[in-house]
Amino acid sequence: MYRLTTRTRAGTATAIAVLVLVIAGMALPAFASRGVIQDLFFILTMLTLAQIWNLLAGYGGLVSVGQQAFVGIGAYAMFAGVILLGWNPVWAIPLGGLAALLLAIPTAYFAFRLQGAYFAIGTWVIAEVTRLLVAQWKTLGGGTGTSLPREATSNILGTDLIRALFSVREAAARDILAYWLALVLVVAVTGGIYWLLRSRLGLALSAVRDNVEAARSVGVDAGRIKWAVFLIAAAATGLTGALIFMQTARISPDAAFAVTDWTAYVIFIVVIGGIGTIEGPILGVLVFFVLRSALADYGSWYLMTLGLIAIAVMLFAPKGLWGLISARSGLHLFPVRRKLVGLKIEGGI
Amino acid sequence: MILRLENVSKSFGALKVTDAVTVSVPRGEALGIIGPNGAGKSTLFNLITGNVLANEGRIEFLGRDVTRAPAMERVRMGVGRSFQIPQPFEGLTVFENLLTAAAFGRGGREADMVDACARILEETELLKKANVVAGSLSLLDRKRLELARALATGPELLLLDEIAGGLTEGECKALVETIRAIHARGTTIIWIEHVLHALTSVVERLLVLDFGRVIGIGAPDEIMASKEVREIYLGLEV
Amino acid sequence: APAIAQGAKIRLGYVSPQTGPLAGFAESDAYNIKAFLDSDAGKNFEVIVKDSQSNPNRAAEVAKSLIVDDEINLMLVGSTPENTNPVATTCEAEGMPVISTTAPWQPWFIGQQGNPGDPSTWKPFDFAFHYFWGLEDIIAVYTGMWKQLDTNGKVGGLFPNDADGNAWGDPKNGLKPGLEAAGFSLTDPGRYQNLSDDFTAQVNAFKAANAEIVTGVVIPPDFTTFWNQARQQGFKPKAVTVAKAILFPQSVETLGDAGHNLSSEVWWSASHPFKSSITGQSSAELAADFTAKTKRPWTQPIGFSHSLFEVAANVMGRVSDPTDAEAIAAAIAATDMSTVVGKVAWNGVGVPPFAAKNVCKTPLVGGQWRKKDGGGFDLVIVENATAPEIPTAGKMEALA
Amino acid sequence: MLLQTHGLTANYGQFRALFGVDIAVAAGECVAIIGANGAGKSTLMRAITGVIRNEPAMVLHRGEPIGALSSAEVMKRGIAMVPEGRRLFPSLSVEENLLIGGQVRKAPGPWNLEAIYELFPILRERRRNPGTALSGGQQQMVAIGRALMSNPELLLCDEISLGLAPVVIRDIYAALPKIRAGGAAIVVVEQDIGKALAVADRVYCMMEGRVTLTAKAADVSRQQIHTAYFGEAA
Amino acid sequence: MIWLDTLVQGILLGGLYALFAAGLSLVFGIMRLVNLAHGDLIVFAAYLVLMGVTLLGLSPWIAALVAMPLMFGLGWLLQTVVLNRVLGKDILPPLLVTFGLSVALQNGLLEAFSADSRRIPAGSLEGASLDLGLVTVGVMPLLTFASAIVVIVALNGLFYHTALGRAFRATSDDAVTAGLMGIEPKRIFAMATGIAMVVVTIAALYLGMRSNFDPSIGPARLIYAFEAVIIGGLGSLWGTLAGGVIIGVAQTFGAAVNPEWQILAGHIAFLVVMLLKPRGLFPRAVD
Ligand SMILES: Nc1ncnc2c1ncn2[C@@H]1O[C@H](COP(=O)(O)OP(=O)(O)OP(=O)(O)O)[C@@H](O)[C@H]1O
Ligand SMILES: Nc1ncnc2c1ncn2[C@@H]1O[C@H](COP(=O)(O)OP(=O)(O)OP(=O)(O)O)[C@@H](O)[C@H]1O
Ligand SMILES: [Mg+2]
Ligand SMILES: [Mg+2]
């Protein structure tokens, strides 16, 4: 007699649109220039990081300022796989996820003892410690950093196929491969988060966010959820880091553990777009990309503008741009509400 | 005995809120708790549910020592509770509130819980509002939701904290009927309430708490007849 | 026909740290690029400048965008290994010819190898070319300066954990073996992090070793911190010869009197006897013109920033198809020209075989900052054994 | 009228806790507000003192709209509150807790440190202790003294007997007449109906965010209160 | 001998960190504001002092005195116009706003002053030292440490012996109830940030005299300042000094083992303290 549904018209439309976009995205390298592919790679990897951070802070209440630790360790693990173990870079990427996962365990053990601002600063310190330790890793160049050897970058799995497929140069084939991987990653991460929110865990996350005490009183294990979210986020961040640095082919501790690039800009994207929604980071990353493309040639003026925009958005649209839009229109592209359908039920979303 | 408290004490700083409480509740009983504001009634609930841990004493549920067990473990064993000040998950709908409780309190797949949740919603007269965000509910509906959510965890022992306070006569009567029905299905109930007539029409025994101590326990008539209790509880000169 | 004769302009990409801590290296970019484009040689060129924000991630990213979006024909880059290495790595992977400078060749070449610790794995590059000097030149110049003084030959080294510091401090490929060969002994307490606030450990180590000379490659704030603490804690070396920290006159001026007679290597100066191949200016004229136009004192990176465009013009003049990366790379390799920083030719002279293909060396001399009477400092060249064509203007003096 | 509310409403987020409450307090008067848990009594106090802000005209002080003022501005007009749960400042000693009450507004009047120590002599002994190290009753005395330090025209007391032993409650209630004698009007919010009726001139009874009974304390019957309180005949 | 020297230098270094951290401690303690722009504000103040020295020809000490009221006003404005509007239970809005401020300040300074390394000239003081028999210490580090103590004593006096300090503590405990006492929490916050900016000016003076600065240098020490504040415990000024000293000593001892360990050792000391006492060494009764 009663049924549970999460379907809405906007949600279905989004699902179709996303499907079309993903298929189009897969086929894009056949038409698009390398510049477009590279811009998209940047957008997709930043979006992945932003979605992950949004999961942490927006849904899990874990405001981490130390995500660069996982980007960095993931990237370094990938380099280690290639340089020390001689793996193909593509196979070394999962190693990045694994390394980040392993690092996340002691990090969580430490940081979960801290609350709020203390948690934020604690994660930052851990990221610094990781950076300084990695900077002592002499075989991977220490503080100097290192580059992927040319025979590794020219031999990346699948590039031959891509070269044959699109008849492009080796470097372009590498871009396409990285772009595809980024596309897979962003779809997997966003889809995974969406699935998570629609699963039992999603209910638990919302419950914990709304009221920890009450959540515990209905049987939700708040601690375990925090652990799960933190570890998942770390592993996914590590994968993303490995992918980003496979594409860059050069690494140094300052680049891999850059708090500005991998955390501050990511926070900017999420918060400007609208935290606690899947739509927010998508909107945010587009805004960030447009700003960057339009202003980056103005040197310090660009960064100054970026800073001032962050301030202005927080003052005038504290829920971010998507918050502004959905408050006006009631639109939710990724519905997670479970509706009870049946007789005698009124009220919408 | 479904629940047994032995010499349970709890202090917040220097303030002793629960003072060597010993009480046993047989399976299937409906026990009422009364006492003045600040007597430690809600704290006693928190001790039973594990939201607060006892300083001393021992708490047994279904024959198992749960004195140190965390709240969520006790929920899964069958301790359901409502909060005196309603604590809905404000961002979730009424139905989702129940679904969360059902999925985690009983431990099952969401899809299997839909009918059970719908039944509870029906019973607590919330069905119409199933898809309304809990943050926008009126006080009455919040109280109903407290009860509904507690039921959704599938409790053997149901703890109700002042769910009739502030309700109109009609609403109160309906509530009493609901609780009776729940009790009739065999659920053990402990109910804290200031609205005495509602309480006494359901419970079999009454426990009086003052300054964290049990100052009387027995049949409602006897307890209500005691002048001491009337004075302490109502604060009115009789 | 040579590329320059054809219609479309040749596109040069240039990555420089216009903002952030390295911005000092980029201060003459606008000046030099304008001078280049205004010159005859520059008519056929377009220069696209991207700001790396002193951030290696950003440097790699803008390099890529120059290659892909702006479809440049040749990449130019300078301003320390933090800037050159990510750009060169990107170009090498992209098959884009790149000419880089203003970083000693060891951190540039070895720093881009997968496993810097294992020389057997090092590989030459196909598209990346570098001209500057190397640590062997530093050793020669520094020891030449120190030998002018009467010291016990004990040297303390300050090497941070960054590309330069690791290269200089490397026990096998760095300063140590060379100094020992020249009769000096090096005390190296270990790699510190940049922007450290305390150098007590180093001061104590140098005191314990009875060092009379301090050397290293130190960023300005760290050097100030070190030098103050050294004096406060009673450590008085006879010579302090460091790179980076006292590169810019502004940095020396921040030291006040304590800047007097500090010494450093000199890669370019207003008194270098070379001429620009594109403007015909002598070093002195270039420096004077820069000061006249910008109201800022000349600095060493100016010459190298200028020379990058000289080399680019020369190389592209010898290429018929500016889109043919292999041909450009071959033309770079075949370069043999004189620039405002000296002769540039990738002929392997003075470079070990593994790097001979990609590295070419420019002359290096030693200089000492002397306080001027009216305030300010002069950089006086005091050592030129390895480059006698550059005249000295004085003798090395011990610190007071 | 010293203070009046007109159709006062208050929300917590989307949840409405007050639905058009009208009350009035004359200068020097003592008014009791009673009602069950959650009736909205504390919310009413918060709305009056500007902790919850409102339309300006919903609260009038001597005829002037103050509904939109901040609590500091309301307080400077001579309306002081003893908040529910006492809420002493834990980092301040007893004496500092008292001093801070009269730090911003210090109108001429009978109340100063000396007078408060006289009213509650035990506080003088404990004046160096941190406020939170006192017993509940003593803390309540500090909270009252703190509100008095500014010599307010109107003193709002939210559940000053909550959780206290009867002897202590007696001591605290004994202070109310002395406070009135100093010239302040008083609003007491109480669940203990007996105590409230004993001190008040008039009484308002609230239920679910509305005033359900307004009466002279002397006239009101237990029956009436019970109905207003529980919504049902006892 | 060496160890004693290392200890003394570490303690003196701790004074510098405490000075960096004192303003942060005030702001963090009173309104739980994580000010990511703190380091950049120090650099900004350093430029202000430098301008006083170069443009007006003042001595650094006088220039700092002149800069103080300006910085106070800036802090007041910043709090009133921007920060007060984003303070709340959620730590993210202030985090993002102060990050934005940090980026904007750094690049504004770069536009205004170029990337040149600057220094506030302190003349003969720079290399001056005192021979204390067992150890030789620099006059400048000693002055820094002494100033840290003076600042902390002064702030403590303000905090515990003035009406304003009482209002600070009360607002920090419970801003709503402070409102009922007639205190405008927002005005108190503005005052606190203003005072923090005065402390920032003092920190800037020493930062600028001790070593070089340029627009990008602000964030580098921010993390030490936070560590010092947290090690000490929220709202405890002496705790902040202790926190600074712990980090300073850990750094010098780490460096004595090997300079590679210098910065790491400071961070590790922080992690260890947090593992043992998650609320810092001298936590307050509340929160
Ligand atoms: N977490 C806590 N920390 C400190 N004190 C507490 C805490 N919880 C309750 N108290 C105090 O314990 C005492 C008893 O509170 P409790 O809520 O158990 O009373 P109650 O009998 O339920 O009262 P009411 O009828 O008002 O609900 C009160 O004085 C209260 O202030
Ligand atoms: N901060 C808050 N957020 C949300 N709801 C609140 C809040 N404070 C109170 N409420 C709700 O508002 C209603 C009125 O509360 P209020 O505290 O005014 O009642 P009261 O009459 O003072 O009760 P008590 O006797 O328990 O003090 C209650 O339903 C309560 O749950
Ligand atoms: Mg209760
Ligand atoms: Mg109340």
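What's counted below: heavy atoms across the whole structure, side chains too, no hydrogens, waters or symmetry copies. Within every chain, numbering begins at 1; the chains are lettered A, B, ... in the order of the sequence lines, protein sequences first and strands thereafter. Since the model is a prediction, treat every value here as computed from it, not as a measurement.
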> Top residue by heavy-atom pair count (under 4.5 Å) with chain C, among A:Pro149, A:Ala249, A:Gly142, A:Ala135?
Replying inline: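 Option with the top pair count is A:Ala135.
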Which heavy atom of [X] sits nearest a heavy atom of [Y], and at what distance?
X: C:Asn166; Y: A:Gly141; value: ND2-O, 4.0 Å
X: A:Gln136; Y: C:Asn161; value: N-ND2, 4.4 Å
X: C:Arg58; Y: A:Arg292; value: NH1-NH1, 2.6 Å
X: A:Ala258; Y: C:Asn57; value: CB-ND2, 3.9 Å

>> Report which part of A:Phe42 has an atom under 4.5 Å of a heavy atom belonging to chain C: side chain, backbone, both, or neither.
In response: side chain
> Where does A:Ser252 contact chain C at under 4.5 Å (heavy atoms): side chain, backbone, both or neither?
Replying inline: side chain
With heavy-atom distances below 4.5 Å as the criterion, would you say the side chains of [X] and [Y] are in contact?
X: A:Gln247; Y: C:Thr90; result: no
X: C:Gln193; Y: A:Leu132; result: yes
X: C:Asp162; Y: A:Thr144; result: no

>> Between A:Arg34 and C:Glu94, does the salt bridge (charged side-chain N to carboxylate O under 4.0 Å, His left out) criterion hold? Intermediate values first, please.
In response: CA-CA 12 Å; A:Arg34 274 190 76 192; C:Glu94 289 284 334; 2.4 Å; yes
> Which answer fits C:Asn55, side chain, backbone, both or neither, if we ask what part of it has an atom under 4.5 Å from a heavy atom of chain A?
Replying inline: side chain
> Where on C:Gln113 is there a heavy atom nearer than 4.5 Å to chain A: the side chain, the backbone, both, or neither?
Replying inline: backbone
>> Please report the interatomic distance CD1(A:Ile83) to CG(C:Asp118), rounded to the nearest 0.5 Å.
In response: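 A:Ile83 atom CD1 to C:Asp118 atom CG measures 11.5 Å (nearest 0.5 Å).
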>> If I take atom CD from residue C:Gln112 and atom CG from residue A:Leu148, how far apart are they, to the nearest 0.5 angstrom?
In response: 12.0 Å
>> Quick check on the structure: residues of residues 61-72 of chain C within a heavy-atom distance below 4.5 Å of chain A, by number.
In response: C:Glu61, C:Lys64, C:Ser65, C:Val68, C:Asp69
>> Only heavy atoms, only distances under 4.5 angstrom. Which residues in residues 80-89 of chain C are near chain A?
In response: C:Asn85, C:Pro86, C:Thr89
